[in-house]
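This report concerns only the one structure given below.
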Number of protein chains: 2
Amino acid sequence: MFGIEQLQAFVATVETGSFSAAARRLGKVQSVVSQHIMNLEIDCNATLFERSGRYPTLTNAGSRLLPHAHALLNQHQRLKNSVQALSDITPSEITIALDEGIPFKAVSSIIGELQQIYPQVTLEFLSASSLDIIDLLKKALPLTGVIFSELNIPTYLDYECIGTVCFDLYVAKSHSLSGQTSKSIDSLRLHRQLLIRSKNTQTSSFQLKISPDILYADNYFLLLELTLQGHGWSFLPAHVAHEAVQAGELVKLPMEFEKMHWQANVDVLQHQKNSDLPIFKTLRQLLRNIL
Amino acid sequence: MFGIEQLQAFVATVETGSFSAAARRLGKVQSVVSQHIMNLEIDCNATLFERSGRYPTLTNAGSRLLPHAHALLNQHQRLKNSVQALSDITPSEITIALDEGIPFKAVSSIIGELQQIYPQVTLEFLSASSLDIIDLLKKALPLTGVIFSELNIPTYLDYECIGTVCFDLYVAKSHSLSGQTSKSIDSLRLHRQLLIRSKNTQTSSFQLKISPDILYADNYFLLLELTLQGHGWSFLPAHVAHEAVQAGELVKLPMEFEKMHWQANVDVLQHQKNSDLPIFKTLRQLLRNIL
DNA sequence: ACTTAGTATCGGTAAAAGCGATATGTTTGG
DNA sequence: CCAAACATATCGCTTTTACCGATACTAAGT
């Protein structure tokens, strides 16, 4: 009754568009998928696909079942992932990957505590863009990511929000925007915007283009440098801008419109295969208090 | 691989304490449960139960698997519940059950809108304690509950928080507490407290006894009446106390300690068998904006 | 009309779930 | 200390389910 395989056949059919294609994806023959769907329809006492045309299309009942099927399969995948952690082998080396905009000083504060609890474990830090970090996590390495919240986080990753980092609008002291108070977003469009872009060409979901005239850099310190040199305005995390602002080289643009000053959410990410291991739990626990 | 039945056998064993008892609960024979656990152990590549003694006891690996197994089975149950709503029979009559402390005026504001969308559906309102409402919901009637958040909500119920109701400390004008400003909770212990208790003897999780001298009533209007008559002090929702305060018969005790003035969370509850039906979704949607 | 890609159904095989009987191990209590 | 009571593990056997491959049929494009 409502076996995992039936539901796999169901969502595979929805995603591929046909029973045959679903069968190919699942490595079964078409008749098996057909049967599974039929059994599922009997269990549900409802028709899930409209079969008049060449390709089956979801009925209303099918659409309503789909999210529940997805949820169950996700949970099933999570269970399978977690099982690998049952053997409880504390890895000898774990990596913490930071988005470049995250203040390292905050994160490094936990090193001592972690080493005290797990003295035999080697720690490695690396810096990368959020998207690169998500990419690294696909491989289920013993890696914990600390990134700005992304909209699309794969289902096999566990994540939780641990705080926020404040972003503001900055220009060089010498820049023509520096004197004025921006009353609207339109005044920004008249000047070049300096923006982050990750190494792989995808652009992160939380960076937003405002000006039509854009110049990309691949990390915040380049961005800061470019801003200092007067090439345009940029959003920067407060801790990145802080020093230059103190030195009077950089100015925060006072903003009359609300949205431009915002708190970017910071998430901790771990692969489900790891997130049950004690050392990863401890690490999450420690990271909760750093921001 | 990781079939539903194996996991059912697993949690049944954990909950009943033995394979035999689990088999009895599941309506199977003992050897089947035994086999399921063995297969599960092979799949997990870990021993889940310590079998030295008479009763099997969970190993570490077993304990770590358990929450995942629970989660998957809950999701499975949810799916089975939801399937019954696939036939999409909009019920001809639905009931909205309110905790007595919830302001009816707020809830009744949605009647018009709901009737406009579902003119053929008859509405019924009833008032009961939170625990009684949870009890009613067990039967999967077409019922929506609006209650103060309870700690223990059964897994087959869907719920969401829709806002808060403000509770304060009240006494009659004539009461000896009326003049003074309570500096500490201790001064309250010297007087009789008037408290809610539901019809069934259980006491709700969010009511808290402060004074050793307590008098119970089973709804907020009795409580108000008793308070007005000077029998003691009580926590009352602002909307219940409002009229008597205006009339000068009741006084809100100014509170120097923070915790006594608090926002009670209000939840909407529906049985999973119903929560997917369009009319129940609409109802939830409407209830989100009333507080 | 003919090809292509898909679905439904059938018969047969292999795997899995189920049962009942039995051997064995662990507690409890006389 | 032995026996009764209760558990678990394993075996042979039956039933159910999953799967495959072959075949007949249907929809869509050329």
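Chain identifiers are assigned alphabetically (A, B, ...) following the order of the sequence lines, protein sequences preceding nucleic acid strands; residue numbering begins at 1 within each chain. In this text the structure is predicted, and so the values were computed from the model without any measurement.
- Note on the helix from C:dA1-D:dT30 to C:dG30-D:dC1: angle between the axes of the first and last five pairs equals 30°, rounded to 10 degrees.
- In this entry the distance linking CD of B:Glu50 with P of D:dA7 reads 18 Å, nearest Å.
- Toward the 5' end of DNA chain D, the nearer of the two residues A:Asn39 and B:Gly53, judged by each one's closest nucleotide, is B:Gly53.
- Distances from the side chain of B:Lys28 to the nucleotides D:dA9, D:dC19, C:dC19 place C:dC19 closest.
- Counting atom types as modelled, B:Ser31 pairs no side-chain N or O with a base atom of C:dG18 as donor and acceptor under 3.5 Å.
- Distance, B:Ile42 CD1 to D:dT10 C1': 14 Å, rounded to whole Å.
- The distance between atom CD1 of A:Ile37 and atom C1' of C:dA8, rounded to the nearest whole Å, is 13 Å.
- Between the P atom of C:dT9 and the CD atom of A:Gln30 lies a distance of 11 Å, rounded to the nearest Å.
- In this entry the distance linking CD of A:Gln35 with P of C:dT9 reads 8 Å, nearest Å.
- Residue-environment remark: CD (A:Gln116) stays at or below the threshold of 12 foreign heavy atoms within 6.0 Å.
- B:Asp43 has its CG atom 16 Å from the P atom of C:dA15, to the nearest Å.
- At least one side-chain nitrogen or oxygen of A:Arg51 sits closer than 4.0 Å to the OP1 or OP2 atom of C:dA8.
- With D:dC19, D:dA7, D:dA18 as the choices, the nucleotide that has an atom nearest any side-chain atom of B:Ser18 turns out to be D:dA7.
- In summary, the side chains of A:Glu93 and A:Thr122 do not present any donor paired with an acceptor at a separation below 3.5 Å, with no hydrogens or angles considered.
- Summarising the geometry, the separation between CG on A:Leu7 and P on D:dT17 is reported as 16 Å, rounded to the nearest angstrom.
- Distances shorter than 4.0 Å separate none of the side-chain N or O atoms of A:His36 from OP1 or OP2 on D:dT17.
- By the 6.0 Å contact criterion, OH on A:Tyr159 is open, its count of non-hydrogen atoms from other residues, nucleotides or ligands being 12 or less.
- Comparing A:Tyr55 and A:Met38 against DNA chain C, the residue whose closest nucleotide sits nearer the 5' end is A:Tyr55.
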The test is side chain to side chain contact (heavy atoms under 4.5 Å, CB included); show your working for B:His70 and B:Thr155 and say whether it passes.
CA-CA 11 Å; B:His70 262 129; B:Thr155 53; over 6 Å; no
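- Atom CD in A:Gln8 sits about 18 Å away from atom P in D:dT17, given to the nearest Å.
- Distances shown here put a side-chain N or O of B:Ser20 below 4.0 Å from the OP1 or OP2 atom of D:dT8.
- Summarising the local packing, CG of B:Asn45 is surrounded by 12 or fewer heavy atoms from other residues, nucleotides or ligands at distances under 6.0 Å.
- Side-chain atoms of A:Arg54 lie closest to C:dA5 of the nucleotides D:dT8, C:dA5, C:dG6.
- Checking A:Asp158 against A:Ser275 by side-chain atom types alone, a donor-acceptor pair falls below 3.5 Å.
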ring-ring contact (aromatic ring centres under 6.0 Å, His included) assessment of B:Tyr55 paired with B:Phe49:
CA-CA 9 Å; B:Tyr55 296 98; B:Phe49 290 101; over 10 Å; no
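- Look at B:Ser34 and you'll find a side-chain N or O under 4.0 angstrom from OP1 or OP2 of D:dA9.
- Toward the 5′ end of DNA chain C lies the nearest nucleotide of A:Arg24, the other residue of the pair B:Glu5 and A:Arg24 mapping further downstream.
- Between D:dA18, D:dC6, C:dG20, one nucleotide has an atom nearer to the side chain of B:Val29 than all others, and that is C:dG20.
- Salt bridge present: B:Glu15 and B:Arg25 bring a charged side-chain N and a carboxylate O closer than 4.0 Å.
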